[in-house]
K.L.:
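Mind having a look at this structure? Questions to follow.
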Amino acid sequence: LASTVTRSHFARFFLCATALACAAALLNCSVLQSAFADEGPFARFAGRWSGTGTVRVRSADKQNAERIRCTATYRLRGSHGVDLQLGCRSDSYNVDLVGEFDADDSGHLNGRWTERSRNVGGTAIGAARGGTIQLHIESAAFAADLSLVTRGQRQSISLDSHGAGQ
């Protein structure tokens, strides 16, 4: 991004790229599962996932669709912590998200995240139950809801952004 880009323009670009890059990205089972205990709210996510999906960019006058490739790696920290690396790439989009999340015994979670290619980050709160992680992520520039769902050998990721006109 050029240094002349304002925070508002940056936020719109980031929201569009991140939210829509992850929206409808379906990660199929190219799972290289690590050894993990079948305990805790993140157990079904452990390992490396990869697959393809679709980016859908919506603007006031049109909607574009583009193929995207994503990888996600979940490294468990004990039975109630996880480190996430999520990367999605296409011809037009690049998302490099990392996060550290912890859950209590009832599945409520909190943590921090960073989008490394744009050097922006913030906090996350949510819930982890069964094969589903629901997160609300925030930074000074925007907020978004992130959903990660694992069913058997398939995982889907969606991100809906809020604010900055998106």
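Residue numbers run from 1 in the order of the sequence given.
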K.L.:
Tell me, which pairs form a salt bridge (Lys or Arg N to Asp or Glu O under 4.0 Å) where one or both residues lie in residues 77-87, sequence neighbours left out?
P.N.:
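The answer is R77-D83, R77-D102.
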
K.L.:
Got a sec, which residues hit side-chain contact (heavy atoms from CB on, under 4.5 Å) with S90, two or more places apart in sequence or on another chain?
P.N.:
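For S90 the side-chain contact (heavy atoms from CB on, under 4.5 Å) partners, ignoring immediate neighbours, are E66, I68, S92, Y93.
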
K.L.:
By side-chain contact (heavy atoms from CB on, under 4.5 Å), which residues pair with S79, not counting sequence neighbours?
P.N.:
none

K.L.:
Applying side chain to side chain contact (heavy atoms under 4.5 Å, CB included) to R75 and Q85, what does each step give before you reach the verdict?
P.N.:
CA-CA 9 Å; R75 288 188 183 92; Q85 288 184 298; 3.1 Å; yes

K.L.:
Please report the closest heavy-atom contact between W49 and F45, naming both atoms and the distance.
P.N.:
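Nearest pair, atom of W49 first, then F45: NE1-O, 2.9 Å.
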
K.L.:
Can you tell me how far apart CG (L146) and OG (S158) are? Round to the nearest 0.5 Å.
P.N.:
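Result: 7.0 Å between the selected atoms.
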
K.L.:
Under the side-chain hydrogen bond (donor to acceptor under 3.5 Å, both in side chains) rule, collect the residues that match up with T150, sequence neighbours excluded.
P.N.:
Q155

K.L.:
Distance from C70 atom SG to I157 atom CD1, nearest 0.5 Å?
P.N.:
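Between C70 SG and I157 CD1, I get 6.0 Å after rounding to 0.5 Å.
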
K.L.:
Residues in side-chain contact (heavy atoms from CB on, under 4.5 Å) with R151, at least two apart?
P.N.:
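Per chain and number, R151 pairs via side-chain contact (heavy atoms from CB on, under 4.5 Å) with V149.
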
K.L.:
What's the spacing between E100 CD and T114 OG1 if we round to 0.5 Å?
P.N.:
8.0 Å

K.L.:
Restricting to non-hydrogen atoms, name the atom on T54 and the atom on A65 that form the minimum distance, rounded to 0.1 Å.
P.N.:
CG2-CB, 4.0 Å

K.L.:
Sequence neighbours excluded, which residues qualify as salt bridge (charged side-chain N to carboxylate O under 4.0 Å, His left out) partners of R116?
P.N.:
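Here the qualifying residues are D96.
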
K.L.:
Quick one: side-chain hydrogen bond (donor to acceptor under 3.5 Å, both in side chains) partners of D105, sequence neighbours excluded?
P.N.:
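Counting only residues at least two positions away or on another chain, D105 forms a side-chain hydrogen bond (donor to acceptor under 3.5 Å, both in side chains) with H80.
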
K.L.:
Taking only residues two or more places apart in sequence, or in another chain, which ones meet D145 in a salt bridge (charged side-chain N to carboxylate O under 4.0 Å, His left out)?
P.N.:
none

K.L.:
Search all heavy atoms of G130 against all heavy atoms of R44 and return the closest pair with its distance.
P.N.:
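Heavy atoms only, the tightest pair is C-NH1, 3.8 Å.
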
K.L.:
Mind listing the closest non-hydrogen atom pair of S139 and W113 along with its distance?
P.N.:
CB-CZ2, 3.9 Å

K.L.:
By side-chain contact (heavy atoms from CB on, under 4.5 Å), which residues pair with A103, not counting sequence neighbours?
P.N.:
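Once residues adjacent in sequence are excluded, the partners of A103 under the side-chain contact (heavy atoms from CB on, under 4.5 Å) criterion are P41, F42, L109.
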
K.L.:
Taking atom types as modelled, find out whether E138 and T123 have a side-chain donor-acceptor pair closer than 3.5 angstrom.
P.N.:
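Side-chain D/A pair, E138 to T123: absent.
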
K.L.:
Once side-chain hydrogen bond (donor to acceptor under 3.5 Å, both in side chains) is applied, do any residues pair with R89, and if so which ones, sequence neighbours excluded?
P.N.:
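For R89, the residues satisfying side-chain hydrogen bond (donor to acceptor under 3.5 Å, both in side chains) (neighbours in sequence not counted) are N94.
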
K.L.:
State which residues pass side-chain hydrogen bond (donor to acceptor under 3.5 Å, both in side chains) with S117; sequence neighbours excluded, sorted by chain then number.
P.N.:
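side-chain hydrogen bond (donor to acceptor under 3.5 Å, both in side chains) check on S117 returns E115.
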
K.L.:
Would you give the length of the straight line joining atom CG of L135 to atom CZ of F101, rounded to the nearest 0.5 angstrom?
P.N.:
5.0 Å

K.L.:
Within this structure, what is the CG-CG distance for the pair L148 and L84, rounded to the nearest 0.5 Å?
P.N.:
7.0 Å

K.L.:
What's the spacing between N110 CG and I125 CD1 if we round to 0.5 Å?
P.N.:
8.5 Å

